[in-house]
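Here's the structure we're looking at; comments come further down.
Chain identifiers are assigned alphabetically (A, B, ...) following the order of the sequence lines, protein sequences preceding nucleic acid strands; residue numbering begins at 1 within each chain.
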Amino acid sequence: MDETSELIQQRIRKLEDLRKNGIDPYPNDFRVTHTSRDLHETFDSLSDEELKSGGETFCLAGRIMAIRDFGKASFIQIQDRKGRIQAYLQRDIVGESAFQLFKTFDIGDFIGLEGKIFRTKTRELTLQVQRFRLLVKSLRPLPEKWHGLTDIEARYRQRYLDLIANPKVKEIFLTRIKAIQKIRDFFTQRDFIEVETPMLHPIPGGATAKPFKTHHNALDMELYMRVAPELFLKRLVIGGLERIFEINRCFRNEGISTQHNPEFTMLEFYQSYATYEDMIKMTEELLCSMIKEIHGGLRFTYQGKELDFTPPWRRIRFNDSLLEYGKVDPAILKDPSKAIEVAKKLGLEMQKGTSHGRALADLFKEMVEPQLLQPAFVIQYPTEVSPLSRRNGNDPEVADRFELFIAGREIANGFSELNDPVDQRERFVQQMKERGDEADAVLTLDEDFLRALEFGMPPTAGEGIGIDRWVMLLTDAPSIRDVIFFPLLRMEK
RNA sequence: GAGCCGUUAGCUCAAUAGGUAGAGCAACUGACUCUUAAUCAGUAGGUUGCCGGUUCGAUUCCGGCACGGCUCACCA
């Protein structure tokens, strides 16, 4: 603690004075009967007469957010988990010595209040305090009451202050939590079960991303923080858990941006005897149910852009999207060298041995993705960039896969799962060849997963949804850090 | 990793063609028993992110570093 700060010194002196007078500055036996919202919901609509006739006593507790002192009486605002309410302390009611004690309280202290409800001359519902107790002496001053805390760095590093001072921030996180709750309800209603799979993977898999590396001492074993739960979830499907979902953290050792945090939350779900087309329908239902609950309707704006989620959302084939949005020469769809040539012309880096599918995917990312503002399912991706997806029955060059784009961002990725173990092995081998140049690539074939697949996985479709990015849309948040309580920052010096 | 921008009191912000750093809120003292960013009077609070350079003099100009933001690259 910064012992030189005068403001803190003052409060420490107050703390010592309290103890000298036999007052515990950190008691834990105060019992709360109501929240601020309970009182507002019960009494806001009642007349003054009805309030008076009640006469019930309420016990509330919260942090003092404002003090308006009049010498022999004082208005305060307290904040609890549900909001704020005003309280009125009068010397003649609480007593002279208690009132003198109250005068030493600071904004930021926690207080327990016991009193009756009334309405002031200016029509504000207020607790007439009969008794009160200090519950916590706060030693540091809070951010300013009017502007709140705006310094972005302080808001992320000291999220607790952000939550105390900026009500909208709390709203964003409550929305996030509500959305996740909705997901659990949605899948549970459909007979899915929630599972947990390892965070520590001997072989990273399920996505092409650089993993965090760690080490287990007792086993003397290299481990990787998972980049995706996919391969373990499929093992559970093989084990007969036909409908499962997992909401949990993934870790990717890559750049940080407004769209990327090294740890992020992913929803993955798998349903046997379903196809990627079933997943598309379910995605519409799931996301629409969340939007309705949070926004009331199926439209809302994100960063000034009006988004319309009225189903059905657009479906467009990957190849068609290149033609429509990219206005590319149709020849590139058949001719790999042409595709690479076009990509190079756009300034995209094409490594030696870049596959046709990879080139097309890079072109898609460059030319199509940013234009997909309204929700759109892009379907039938090149098989070459979909190593875990089932091949399409009519055209083995494309996979039964889709990605959902909203506001120019990828939100979901789903597909009919590849359950042919021989094909899966070949795809892994192919993938390793392609990534051979990358220094950070972890080049290990997941034999354990392939063995599981060889026992037989029922026809299954699966999907992953980036929860943070989805919540960003729901809450109109410009940065992923606004929807993660504690985004990763460098160490403070 | 690269480019641009930022860092001044606990918080929100000013300021100087280089010339002793200001305000509001918070705090402290006092007045006030219906306020709503309460009001009124007074007081205190700063190594201007850190290190170095130019200068008689640097918060201001220059260089480096730290941390943060945005954009780009890698990716979800």
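If you take atom C1' in B:G49 and the same atom in B:U7, they sit 6 Å apart, rounded to whole Å. Comparing B:A9 with B:C13, their C1' atoms sit 11 Å apart, to the nearest whole Å. Nucleotides B:A23 and B:A37, compared at atom C1', are 15 Å apart to the nearest Å. Rounded to whole Å, the separation between the C1' atoms of B:A26 and B:C11 comes to 7 Å. If you take atom P in B:U60 and the same atom in B:G18, they sit 11 Å apart, rounded to whole Å. Only the C1' atoms considered, B:G46 is 11 Å distant from B:U59, to the nearest whole Å. Comparing B:A58 with B:G53, their P atoms sit 11 Å apart, to the nearest whole Å. The gap from the C1' atom of B:A73 to that of B:G1 amounts to 8 Å, rounded to the nearest Å.
Each of A:Glu246, A:Glu263, A:Glu268, A:Glu196 was evaluated against A:Arg226; a single residue qualifies, A:Glu246, per the salt bridge (charged side-chain N to carboxylate O under 4.0 Å, His left out) test.
For A:Glu171, there are no salt bridge (charged side-chain N to carboxylate O under 4.0 Å, His left out) partners two or more places apart in sequence or in a different chain. Not counting sequence neighbours, the partners of A:Arg37 by the side chain to side chain contact (heavy atoms under 4.5 Å, CB included) test are A:Thr35, A:Glu41, A:Lys82. With sequence neighbours left out, A:Gln130 forms a side chain to side chain contact (heavy atoms under 4.5 Å, CB included) with A:Thr57, A:Ile93, A:Lys116. Looking at residues two or more places apart in sequence or on another chain, you find a salt bridge (charged side-chain N to carboxylate O under 4.0 Å, His left out) between A:Glu194 and A:Arg184. Every salt bridge (charged side-chain N to carboxylate O under 4.0 Å, His left out) that A:Arg315 has, sequence neighbours left out, goes to A:Glu284. Scanning for side chain to side chain contact (heavy atoms under 4.5 Å, CB included) contacts around A:Phe485 gives A:Arg159, A:Leu163, A:Phe173, with sequence neighbours left out. Not a single salt bridge (charged side-chain N to carboxylate O under 4.0 Å, His left out) links A:Lys121 to another residue, sequence neighbours left out.
The ring of A:Phe245 has its center no closer than 6.0 angstrom to the ring center of A:Phe269.
A straight line from CZ of A:Arg123 to C1' of B:U35 spans 15 Å, rounded to a whole angstrom. Rounded to an integer number of Å, the gap from CD of A:Glu254 to C1' of B:G1 is 14 Å. Rounded to an integer number of Å, the gap from A:Gln9 CD to B:A44 C1' is 15 Å. Across the protein-nucleic acid pair, A:Gln303 atom CD and B:C70 atom C1' stand 13 Å apart, rounded to whole Å. Between A:Glu492 atom CD and B:C50 atom C1' the separation is 14 Å, expressed in whole Å. Separating the CZ atom of A:Phe99 from the P atom of B:C32 is a distance of 11 Å, rounded to the nearest angstrom. Protein atom CD of A:Gln259 is 10 Å distant from nucleotide atom P of B:C70, rounded to whole Å. At whole-Å resolution of the value, CD1 in A:Ile8 and P in B:G45 are 17 Å apart.
One finds a side-chain N or O of A:Thr150 lying less than 4.0 angstrom from the OP1 or OP2 phosphate oxygen of B:U12. For A:Arg91 and B:C32, the shortest distance from a side-chain N or O to OP1 or OP2 is not below 4.0 Å. For the OP1/OP2 pair of B:A38 and a distance below 4.0 Å, the side-chain nitrogens and oxygens of A:Arg68 include at least one atom meeting the criterion.
The main-chain N or O of A:Ile164 is found under 3.5 Å from a side-chain atom of A:Gln79 such that the two form a donor-acceptor pair. Between the A:His40 side chain and the A:Arg84 main chain, a donor and an acceptor come within less than 3.5 Å of each other.
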Evaluation steps, salt bridge (charged side-chain N to carboxylate O under 4.0 Å, His left out), between A:Arg63 and A:Asp109: CA-CA 6 Å; A:Arg63 195 187 283 274; A:Asp109 291 352; over 6 Å; no

Residues A:Lys20, A:Glu16; criterion salt bridge (charged side-chain N to carboxylate O under 4.0 Å, His left out); working and verdict: CA-CA 6 Å; A:Lys20 260 183 227 157; A:Glu16 288 163 353; 5.7 Å; no

ring-ring contact (aromatic ring centres under 6.0 Å, His included) between A:Tyr381 and A:Phe402, intermediate numbers included: CA-CA 7 Å; A:Tyr381 274 65; A:Phe402 71 91; 8.9 Å; no

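Among pairs with a residue in residues 140-168 of chain A, none fulfils ring-ring contact (aromatic ring centres under 6.0 Å, His included), at least two apart in sequence or across chains.
Comparing B:U12, B:G69, B:C32 against the side chain of A:Leu149 picks out B:U12 as the nearest. Between B:C67, B:U35, B:G69, one nucleotide has an atom nearer to the side chain of A:Arg490 than all others, and that is B:C67.
Nucleic acid contact class of A:Glu124 (heavy atoms, under 4.0 Å, all strands): base. Heavy atoms of A:Phe118 sit under 4.0 angstrom from at least one base atom. When heavy atoms are screened at a 4.0 angstrom cut-off, A:Asn253 is found touching no nucleic acid atom at all. Residue contacts for A:Gly464: at a heavy-atom cut-off of 4.0 Å it reaches no nucleic acid atom on any strand shown. Among the protein residues, A:Glu410 comes within range of the sugar-phosphate backbone only, with heavy atoms under 4.0 Å from sugar or phosphate atoms but none that close to a base.
Heavy-atom nearest nucleotides on RNA chain B were determined for A:Met491 and for A:Ile411, and the one closer to the 5' end corresponds to A:Met491. Sequence order on RNA chain B of the closest nucleotides to A:Ala207 and A:Asp69 puts A:Asp69 first from the 5' end.
In this model, no side-chain donor or acceptor of A:Asp151 finds a partner on the base of B:C11 within 3.5 Å. No hydrogens or angles were tested; on distance alone, nothing pairs the side chain of A:Glu153 with the base of B:U7 as donor and acceptor under 3.5 Å.
With centres under 5.5 Å and a plane angle under 30°, the ring of A:Phe75 is stacked against the base of B:U35.
Listed by residue number, A:Tyr156, A:Arg157 are the residues of residues 155-173 of chain A with a heavy-atom contact under 4.0 Å to RNA chain B.
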Between protein and nucleotides 71-73 of chain B, what N or O pairs are separated by less than 3.5 Å?
none

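Between A:Lys182 atom NZ and A:Leu474 atom CG the span is 12.0 Å, to the nearest 0.5 Å.
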Contact letters for nucleotides 22-28 of chain B, in which S counts primed atoms plus P, OP1 and OP2 and B counts the base, heavy atoms under 4.0 Å: --BBSSS

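Salt bridge annotation for A:Arg401-A:Glu403: present, with a cationic side-chain nitrogen under 4.0 angstrom from a carboxylate oxygen.
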Watson-Crick and G-U pairing of RNA chain B written in dot-bracket, each distance under 3.5 angstrom, with | for inter-strand partners: (((((((..((((.....[..)))).(((((.......))))).....(((((..]....))))))))))))....

